[in-house]
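We count residues from 1, following the sequence as given.
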Amino acid sequence: MDWACIRNRCKAGRVDADINFYFDPVCPFAWMTSKWVRMVQAQSGYSVDWRFISLRQINANVDYDAHFPPEYEAGHTAGLRLLRVAAKARAEHGRESIAELYEAFGTHIFEAAPDSANLRPEHEVREQRGTRGFVEPILAEAGLPRSLAEALDDESWDREIRQETDEALGLTGKDVGTPIIHFEPPAGVAFFGPVISRLPDEESAAELWDHVVGLSRFPGFAELKRSLREQPQLPAFGVAAGTAGRQEDWHGGSRRQKK
C-alpha cells in the first residue's frame, strides 16, 4: 500500500476519508475489526469516518424470541440507544468525536472480563449498556459532556441512524451484519467485514490490510464467506490473547437460528 499517496490524496481534498467504517457499538466482531483498522491507521496516517449501522433496526421485523438467543434483543436495543448518544455527540461536537467515543464504548463492553463475583443474567448485562449509569462515565472518559446521555431515550435520532444504516446496506446488499467498510469512497467498493476473531500483530495488520484493499480494488470481486467463526479474542468472552475461542456457526453474519 502506498501510504504517501493516500496521505497526499487526503491533503488534496479529493476524498473525505480513506474508509467509511459502519459500526454498531455492541457488535464484538465490529469491535475486533475496528481495533485492526486503528492499528493500520496508526502506521499509515490515513483517515477513517466512523459511521452508524444499527443491528436493532436491521432486525426490526424479526421475531427475536423465535430467531435469536434470549439476550440478543436487549443487546441490540442497547446498541441503538448508544448510537443515539453517538449521533448527538457528532451533531454537537463534530465527526472527530466519534472515534474516541466508539473506542471508549468498545473498551468498556469488550475489554473487561466478566465479574465472577457478581454474575448476572446475560440479558441484564446487555440491557444495562443502554443506561445512563453505563454511559455517563464513558462520556466523561471520552472528554464529552455527561448530558449527552439524555439522547438514550430520544427517538428523534433514529431517523438519522436509519438513514446511515440504509446507506451502508445500499453499498453491500441487505444480507449482512456489522461491520461494513467502504474502501476509498465514494467510488470504491464496500464489503461486510472483514470479520476477524484474532487481533494481528503490527506487521500482519498491514499485510492483511493490503490483501483486503487489493480485493476491494478488483471490480469483479463480490464475496468471500464462511459462517464458522471463533469466539472473538476478547476478555468479555473469556478468550485471552494468544488463545483461540470456541468455534461457532454464525449462519452468515448473525446468530439468527435457522429453522
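Shortest non-hydrogen contact noted between A78 and G130 is CB-N, 3.7 Å.
At least one donor-acceptor pair closer than 3.5 Å links the side chain of D24 to the backbone N or O of L55. With W157 contributing its side chain and V85 its backbone, the two residues share no donor-acceptor pair below 3.5 Å. Remark: side-chain polar atoms of T33 are paired, donor with acceptor, to backbone N or O of P194 under 3.5 angstrom. T131 places a side-chain N or O within donor-acceptor distance of the main-chain N or O of Q128, the cut-off being under 3.5 Å. In this structure a side-chain-to-backbone donor-acceptor pair under 3.5 Å is missing from R90 to R95. Formation of a donor-acceptor pair under 3.5 Å by the S97 side chain with backbone atoms of G94 is found in this model. Between the E136 side chain and the A149 main chain, no donor and acceptor come within less than 3.5 Å of each other.
Using a 4.5 Å cut-off on side-chain heavy atoms (C-beta onward), I181 and V37 make contact. With contacts defined as side-chain heavy-atom distances shorter than 4.5 Å, the pair R217/V189 does not qualify. Side-chain contact between L82 and V135 is present, with at least one heavy-atom pair separated by less than 4.5 Å. When side chains are defined from C-beta on, L208 counts as touching I196, because their heavy atoms get closer than 4.5 Å. A 4.5 Å side-chain heavy-atom check between L148 and L101 finds every atom pair outside the cut-off. Counting only heavy atoms from C-beta outward, the side chains of R51 and H182 never approach each other to under 4.5 Å. Proximity of L199 to L234: side-chain heavy atoms (C-beta onward) are nowhere separated by under 4.5 Å. Looking only at side-chain heavy atoms (C-beta outward), V125 and E71 stay at 4.5 Å or farther from each other.
Once rounded to the nearest 0.5 Å, the distance linking CD of Q233 with OG of S197 reads 7.0 Å. Rounded to the nearest 0.5 Å, atoms CG (D166) and CD1 (I58) are 9.0 Å apart. The distance from the CD atom of E73 to the CD atom of E127 is 10.0 Å, given to the nearest 0.5 Å. Rounding to the nearest 0.5 Å places OH of Y64 at 5.0 Å from NE2 of H76.
In this view, E92 and K88 satisfy the salt bridge (charged side-chain N to carboxylate O under 4.0 Å, His left out) rule, not counting sequence neighbours. Remark: P121 engages H123, E124 in a side-chain contact (heavy atoms from CB on, under 4.5 Å) (not counting sequence neighbours). Partners of Q57 according to the side-chain contact (heavy atoms from CB on, under 4.5 Å) rule, which considers only residues two or more places apart in sequence or in another chain, are S54, L80, D158, I161, R162, T165. For N61, the side-chain hydrogen bond (donor to acceptor under 3.5 Å, both in side chains) criterion is met by no residue, not counting sequence neighbours. With sequence neighbours excluded, no residue forms a ring-ring contact (aromatic ring centres under 6.0 Å, His included) with F134.
Ring centroids of Y46 and W209 are separated by less than 6.0 Å, placing the two rings close together.
Taking the ring axis of Y72 as reference, the NZ or CZ atom of R126 stays within 45° of it and closer than 6.0 Å to the ring centre.
Of the options F218, Y22, F21, F221, a ring-ring contact (aromatic ring centres under 6.0 Å, His included) to F191 is made by F221 and by none of the others.
In this structure, Q163 places its CD atom where more than 12 heavy-atom neighbours from other residues, nucleotides or ligands lie under 6.0 Å away.
Applying the side chain to side chain donor-acceptor pair (under 3.5 Å) test to residues at least two apart or on different chains, the pairs with a partner in residues 101-114 are W31-E111, K35-E111, H108-E141.
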